[in-house]
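Remarks on the structure that follows.
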Amino acid sequence: MAPAVPALRRPLISVPRTPPPPLVPPLQNLRRHPFSRIPHEEPCDPPNSSATLLLRRAAALLNSAAQPSHLSQIHAILLSSGLLRCSPSLSAKLFLSAADFGLIHQAHHLLDEIPSPSVPLWNVAIRLHSRHGAFADALHIYDKMLRQGVVPDGLSLPPVLKACGGLPAPTFGRAVHAHILRWGFETDLFVQNGLIAMYAKCRQIPCARAVFDRLSDRNVVSWTSIISGCAQNGFPLEALQIFARMLSSSVVRPDFIALVSVLKAYMDIEDLDQGSSVHGLVIKLGLDDEPDLIITLTAIYAKCGQVHTARSLFNRVPSPDVILWNAMISGYAKNGHASEAVELFREMIARHMKPDSVTIRSAILACAQLGSLDVGKWIEDYTGHSHFKDDIFVKTSLIDMYAKCGSIAYAHRVFECIPNKDVVVWSAIIMGYGLHGRGREAIRLFEEMKCARVGPNDVTFVGLLSACKHAGLVDEGWKYFHSMRDYGIEPRHQHYACVVDLLARAGHLEKAYEFVRSMPMEPEVTVWGALLNACKIYGHVGLGQYAAEQIFALEPSNAGHYVQLSNIYASAGMWSDVARVRVLMKEKGVSKAIGCSLTEIDGKLHSFRAGDKSHPRYKEIFEKLAELERKLKKSGFVPHMGSVLHDLSMEEKEESLCNHSERIAIAFGLISTAPGTTLRIMKNLRACVNCHSATKLISKLVEREIVIRDINRFHHFKDGLCSCGDYW
DNA sequence: TTAGGGTTAG
């Protein structure tokens with residue numbers, strides 16, 4: 001249904017000699033740009049011959065004025081001599097020159113000096129103010145024009161509408177719409193396009209649609225105005241439907257501005273396939289060298305994870321601005337290319353580009369993912385010398401990064417130095433302690449937060465429940481979950497998943513299953529995954545099988561779940577079922593994710609895979625591995641044979657176990673660092689039972705603290721024990 | 001004379 005066009009009020013333009021009503025009363029209250037009035041002389045007598053000569057000279061001077069300062073000097077001379085009053089044409093000339101130089105204050109003042117400005121002069125003044133964002137002044141001038149009984153023309157109204165679009169409420173825009181109807185501009189395409197854009201800017205999409213739908217002729221600007229209006233106001237699908245109509249009508253060819261607006265809609269729905277098809281259209285239309293399109297395409301590819309395509313487009317931009325650097329860096333950071341993000345951040349600095357708070361946060365996020373404490377410290381050091389050193393957003397990112405890089409002490413140091421901690425800061429530190437298995441401290445911080453009168457939000461509870469989960473604090477987690485509604489927070493799927501994990505991992509499998517059945521929403525993979533994981537720990541084949549079936553229906557291509565089920569069968573010695581899972585994996589075309597461990601030595605990351613012999617020092621590494629194995633055996637270490645996927649012989653099992661990537665990373669760390677140095681390792685999978693037991697003992701045998709970040713949490717191994725208390 | 005866009009803590 002077409003919305004009602006704003007009601008026509010009583011005529012706003014009055015006949016000459018009758019003072020016209022104001023545009024709308026509140027306009028009087030809009031703040032105007034202050035400008036000083038320069039005192040001038042009384043009007044002079046009709047110009048004599050010497051005055052005429054002066055006026056001619058002044059006009060010639062104006063023609064040759066090359067700089068705004070020249071103009072100001074001429075203005076001052078004419079004012080003080082009183083000549084300006086004698087010649088309206090000179091005032092108009094001076095006004096137009098000021099407008100050309102973009103001197104809005106001076107032009108505004110000069111307009112007041114012209115006794116009866118013509119419509120083109122009013123238009124210049126309105127357009128000048130509208131273009132410079134002085135919307136209230138533009139509307140004041142329009143109002144003044146109406147009060148003087150001047151009827152606007154088709155050129156007056158587009159900048160007036162633009163000014164109306166720059167104000168938060170559509171009040172003035174509606175009044176101008178009434179003027180348009182009254183003076184018969186319904187068929188003026190420029191005016192109608194201005195109306196569409198005005199309503200779109202004022203978030204009145206139904207009104208914009210009504211104007212657009214009534215147009216008999218539409219040009220590319222009409223289409224672009226309505227497409228971008230819909231995209232900007234949260235209606236991307238509507239924007240794309242209109243674009244499809246535009247293409248099918250084949251009357252108007254999209255230009256680069258239209259395509260930028262369309263890409264914005266695809267960016268909002270993160271539909272890269274369709275975004276790529278627009279890229280195809282860009283090429284077909286020969287617009288692929290258009291800088292603004294390259295920039296928009298770079299951002300959309302980066303956001304959707306096609307970082308290589310994004311980077312090749314980025315490289316074509318000669319001088320990317322800070323927003324484009326941010327788009328590329330955060331595109332890398334958010335899509336698993338943390339090293340490239342850090343590298344690009346370094347390049348940005350090397351190219352003397354000034355990062356902003358967003359850049360810094362993206363770079364810190366990349367460090368967090370990389371697990372690189374050295375790079376993280378470098379970025380903190382960098383921000384310490386920048387004006388972001390007190391930025392709470394940056395500080396919060398640092399807390400998260402240090403926690404994820406294995407140093408909860410550094411995270412706490414940053415936390416302590418924040419003066420007015422908001423809920424996000426508290427949530428970040430609570431999450432950090434949880435990640436390190438320090439559930440009691442997380443709970444203490446939660447209570448401190450409440451004492452500080454900071455209310456928790458849903459994310460705080462994710463952190464708190466996950467802290468309880470990692471530390472096995474079942475009663476506390478259960479209690480906090482049930483307190484959420486007291487704070488007006490409705491538990492989301494993530495909270496339910498935490499509780500299922502909490503119950504199941506503590507061995508309450510039946511209770512966990514009942515809890516899943518009582519959930520008010522359909523359980524997702526994370527919930528069934530938590531149950532499956534616990535079934536693996538407690539060897540519950542039946543429930544494990546059931547949970548796995550639910551997962552396979554929801555996420556058939558994730559190898560990790562098949563491996564979990566297979567491990568449940570393997571632990572129970574059900575080798576034919578292990579083989580069945582292997583066949584199933586083959587049929588579905590999924591393969592086991594390859595375990596990979598990273599360790600940072602002297603700022604350089606070294607990556608290892610199971611049985612990896614590609615490292616230049618692999619001979620020394622394997623000698624150290626063999627030495628560790630001998631020491632482990634001598635201390636009575638018995639490998640846990642359930643940690644292998646396939647039905648191998650005992651000897652093969654032992655070999656495949658001690659070649660796991662984290663063991664190679666440990667061996668490399670031992671030969672590369674001084675005695676007593678803490679080893680820090682990041683692993684892409686969950687630590688296996690065997691490696692976990694072995695690492696505990698290794699930490700004691702070699703007298704080293706070993707910190708391992710697995711896919712879920714941190715393990716701090718020291719003196720034969722792990723901070724997780726074997727609960728993970 | 002009129003239309004557009006990219007980054008953002010847990």
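Computation of the quantities below employed the complete heavy-atom set of this structure, encompassing side-chain atoms and omitting hydrogens, waters and symmetry-equivalent molecules.
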Regarding A:E441 and A:R444, does a basic nitrogen lie under 4.0 Å from an acidic carboxylate oxygen? no
Rounded distance in Å - CD1 (A:I392) to P (B:dA9): 14 Å
Rounded distance (Å) that lies between atom C1' of B:dG10 and atom CZ of A:F393: 11 Å
Would you classify A:G331 as touching base, sugar-phosphate or nothing, given that sugar-phosphate means primed atoms plus P, OP1 and OP2, and contacts are heavy atoms under 4.0 Å? nothing
Side chain of A:E476, backbone of A:L465: donor and acceptor closer than 3.5 Å? no
Quickly work out the A:F415 CZ to B:dG10 C1' distance and round it to whole Å. 13 Å
When the side chains of residues 452-459 of chain A are checked against the rest of the protein, which donor-acceptor pairs come out under 3.5 Å, sequence neighbours left out?
| unit_1 | atom_1 | unit_2 | atom_2 | d |
| --- | --- | --- | --- | --- |
| A:N457 | OD1 | A:V459 | N | 3.0 |
| A:N457 | OD1 | A:T460 | N | 2.9 |
| A:N457 | OD1 | A:T460 | OG1 | 2.9 |
| A:D458 | OD2 | A:R492 | NE | 2.8 |
| A:D458 | OD2 | A:R492 | NH2 | 2.9 |

What is the distance from OH of A:Y142 to P of B:dT1, rounded to the nearest Å? 20 Å
How about CD on A:E290, more than 12 heavy atoms from neighbouring residues, nucleotides or ligands closer than 6.0 Å, or not? yes
Could you encode protein contacts along nucleotides 2-7 of chain B as a string, one character per nucleotide from 5' to 3', using B for base contact, S for sugar-phosphate-only contact and - for no contact, with a heavy-atom cut-off of under 4.0 Å? BBBBBB
Is there a donor-acceptor pair under 3.5 Å between the side chain of A:R316 and the backbone N or O of A:R311? no
With sequence neighbours left out, write down each residue that passes side chain to side chain contact (heavy atoms under 4.5 Å, CB included) with A:V425, or none if nothing qualifies. A:I392, A:T396, A:I399, A:F415, A:I418, A:K421, A:D422
